[in-house]
Peer 1: 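Here's a structure for you.
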Amino acid sequence: MTGAAAGHRAAHAPSRPVQVIILGLVGLVFLIPILAMVEFTMRSGLDGEHNLDRWAALFGGGFATEYRPVFVALGNSVGLAIGTVLIVLVLLVPTMVLIHLRFPRLRRLMEFVCILPISIPAIVLVVGLAPVYSVVARLAGSSVGTLAFAYGITVLPFAYRAVQSNLDAVDVRTLSEAARTLGASWLSVLLRVLVPNLRRGILAGAFISVAVVLGEFTIASLLNRINLQTALLVVSKNDPYTAVIMSLLALAFAFGLLLLIGRLGADRVRTPRRRRAAPLVPKGPS
Amino acid sequence: MKRLPPTSIDPAQPGTQGTSGTTRAGRGSVVHFAGVTKNFAGHRALDGFDLTIQAGEFVALLGPSGSGKTTALRVLAGLEGADAGSISINGTDVSALPTNKRDMGMVFQSYSLFPHLTAGENVEFGLRMRRVGAGERRSRAADALTLVGLSAHADRFAHQLSGGQQQRVALARALVTEPRVLLLDEPLSALDAKVRVQLRDEIRRIQTELGITTLFVTHDQDEALAVADRVAVMQNGRIEQVGTPEELYTRPASPFIADFVGLSNRLPGLVRYGFAEVHGVSLPLVDPSHLDGPVQVSIRPEDIEFVAPGHGTGHGTVHGTDQSVGIAAVVVSSSFLGSLRRTTVRLADGTSVFVQHDVRLRPQPGENVCLTLTGAPVSVEAAEPPVAATVDTSSAVTVTVPGQS
C-alpha cells in the first residue's frame, strides 16, 4: 500500500532535476543573506582581506567587558524563553485539553483568541500593553522577567496551532475516558496519557515559542526591557561586527531547535523500555 | 484477592449462564438503575430508566441509535452525570462517585489503547493507578493477556495489532483490575464480520469464566441474542422489554420489539375476546388484556406456512387455493438463503408478505399459493381508527420471515 502510494505521488511530482533546481533556488534565497553576514564578520581592513579575528576575539577574548551586556541580554532572553514556555505548558495546554473535552463549543472562540496576536502588529500590541505594564510593574516589579507575560501572548498563535493539530490527530476523548475508567485521576490522565500522546505538538509549540522569544525586539524595546535583540542593536551601534556574529549564533540556535522539532515529529517506533513480558508464573492459592 | 485464572480456555463450562453468580466467588456485583434520567440540550436521552442487573449476569442493552443505550452505560460508568434518579452497586449509591472511583472495566467502541504504551503496559495501567507493585502488576497483566489469548503480543504497540487484537487487549485491560462491573460499549462494531463473531463468543466465554456482572451495549440484535443472559430493548430512553432472548423473540411485548428482535410481518387485524383475528384466523395474544378493536398484528415469518401440498413440485399445479383452507396469495419472488428460502408473496389486498420456508419448496413467480398462520402468540398495536382498514389496500405491508430451520 505504501509502495503504491509512493508510486502515485511520484507520478505527479516534478522530475528529479526540477526538484533540485527548486530546492537550490529556495536554498539560495535563505543562504545568501546568511553568507553575506558571515562574510561581513570576517572582513578585515579596507583591502578586502578576510580573517576570523573577530570570532576569535569574541570567544577567545574571555568575553570582554564590552560584550558583557550582550551576554546578560542573552541570559535574559533565555530566561524569558523558559518563562514563556512554562506559560504555554501550564496555561495553554491544559486549557486546550479542557476545551477539547468539556467545552467543544468554545473551540472557535479559543482559536480566534489565540490567532489574534498574529494579526495585531507588535507595535500596536505595545500601545495596549504599556498601561497594563505600569500595573504589572507595580505588582510584580519591573524586572525583565515580566516580559514573559507579553510573550506568552505573542507566541499563542504558534503554540496553539502546534498543539491543536496534535489534539485533532489523537482521540483524546476516548483515551481520557479509558484512563478514567481504569482509575486515573484527572492529573494522571493529563500527565500519563495525554501529555505522552501530545508530546509532538507540545514540543513543537515549545520550541517555536523559544524561537519567537529569542527573536523578539519590538515589545522589549518599546517597554524599555533588555533582551538579546535590543542588546544586539545597542552593540551594533559601535560594533556592528559583533552584533552580526551574535545574530548568526542566535540564528544557528533557532535552526537547531527547528531541526530538533523535525526529529521529534518524525514517526518512530519506540522500542519497549522493558524486557519481554514476565513469564506466566503459576498462581499459588491466593 | 482472587486473581484472574491463569489458564485461558476452559470450554467445559456449560450451563453457567445462570444469573445467580453464587458459584463465582462473589465476583459479580448487583447493579441497580432507579429512575435515571438524562437530558442533552433539550433531548431526553434517558427517561426514567430502571434496570437491575443480577450478580454475574450478562445483560445486553439493545436498541436503535439514539435510544439511550450508550447513555445508560456511560451514566453507570460515571462518564455522564444523571439529571435524576440513582445508580447503586451492591446496594451502595454510586451516583456521586467520579468515574475513577467507581471500579468499572470498560471496553470502548473505538480503539482506545494508549498508543504510547505496549499492550502489556496498557493492561498494567489500571494496576499502576491502584499502586500495585511492579512484580505483581506484570504477572497479573500477563495473566490477563493470556486470558484473551494474546500473551505473545505483550510487547506490541497498538498500531502493530489488528483491530480484533486491540479490542482483546482492551478487554484484558478492563478485566485485569477485577472490576465490579464490566461495561462493553459496542466493542465489536468496528470489526469485520468473522472477527466479530469470534470475539463475541470469546467475550461470553471469559465473562462466564470470571462471573463478572456485565452490561453490553449493542445495536446488533444477533449479538445481543447470542451472548446475553437477558436482553433489554430500549426505545426513547426507556426499556421497552427485558427478558431472555427466547422470551423477547417468542413473546415480544410490542410490535416494536417484534420488529427489532428478529423480523416480523405486519398485517391488519382485529382484537376480540382476547384473540387477534387476521384474515379469518384467530391467534392468541402475547398480552391477552389488550383492548378490543382494530390492530396491526406482528407475525413472525416462520409462523406463516404454505399449505398447498403440491406446492413447489415443479408442475405448477397448486391445490390449496380454497379460501376456507388458507389465505390466497401470489408468489412475487423467492430467494435461496442457504439453509432456507425466503419467498415474497402478495395477498389479494395488495399486501406483500415474506415467508421463510424449507429450501426444498421452490415457488415460481406468478404461482398461486395458499398461506396459513401457525397460531403462535402475536403482539399487536392498536391501529388508528377504522380508516386504516380502507387504507390497507394501497399501502403494501412487507413481511419478512427469518429462518427457522
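Side chains are part of it too, since the values below use all heavy atoms of this structure and drop only hydrogens, waters and symmetry mates. The structure presented is a predicted model; accordingly, all values stated were derived computationally and were not measured.
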Peer 1: Check the pair A/T174 / B/S110 against side chain to side chain donor-acceptor pair (under 3.5 Å), numbers first and verdict last.
Peer 2: CA-CA 7 Å; A/T174 306; B/S110 48; 3.3 Å; yes
Peer 1: Heavy atoms, side chains only, cut-off 4.5 Å: are A/E177 and B/R74 in contact?
Peer 2: yes
Peer 1: Just verifying a value: how many Å separate B/M104 CE and A/L182 CG, rounded to the nearest 0.5 Å?
Peer 2: 12.5 Å
Peer 1: Among B/R156, B/R102, B/R173, which residue forms the greatest number of heavy-atom pairs with chain A at distances under 4.5 Å?
Peer 2: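 Option with the greatest count: B/R173.
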Peer 1: A side-chain contact here means heavy atoms from C-beta on lying under 4.5 Å apart; do A/R192 and B/M129 qualify?
Peer 2: yes
Peer 1: Taking all heavy atoms of A/L175 and all of B/S112, pick out the closest pair and write down the distance.
Peer 2: CD2-O, 3.5 Å
Peer 1: Measuring from A/T181:OG1 to B/D185:CG, what's the distance to the nearest 0.5 Å?
Peer 2: 11.0 Å
Peer 1: Measuring heavy-atom distances to chain A, does B/R130 have an atom under 4.5 Å in its side chain, in its backbone, in both, or in neither?
Peer 2: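 Contact with chain A is through the side chain of B/R130 alone.
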Peer 1: What part of A/S188 is in contact with chain B, defined as an atom under 4.5 angstrom from a non-hydrogen atom: side chain, backbone, both or neither?
Peer 2: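 For A/S188, side-chain heavy atoms alone lie under 4.5 Å from chain B.
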Peer 1: State, to 0.1 Å, how close B/N100 and A/A184 come at their nearest heavy-atom pair, and which atoms those are.
Peer 2: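 Between these two residues, the closest heavy atoms are CB-O, 3.2 Å.
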Peer 1: Measure distances from B/F114 to the heavy atoms of chain A and classify the residue's part below 4.5 Å as side chain, backbone, both or neither.
Peer 2: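 The answer is both parts of B/F114.
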Peer 1: Using non-hydrogen atoms and a 4.5 Å limit, figure out which bit of B/L127 sits close to chain A: side chain, backbone, both or neither.
Peer 2: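 For B/L127, there is no contact with chain A at all, as no heavy atom is under 4.5 Å.
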Peer 1: Would you find more than 12 non-hydrogen atoms of other residues, nucleotides or ligands less than 6.0 Å from A/F253 atom CZ?
Peer 2: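 No, the 6.0 Å shell around CZ holds no more than 12 heavy atoms from other groups.
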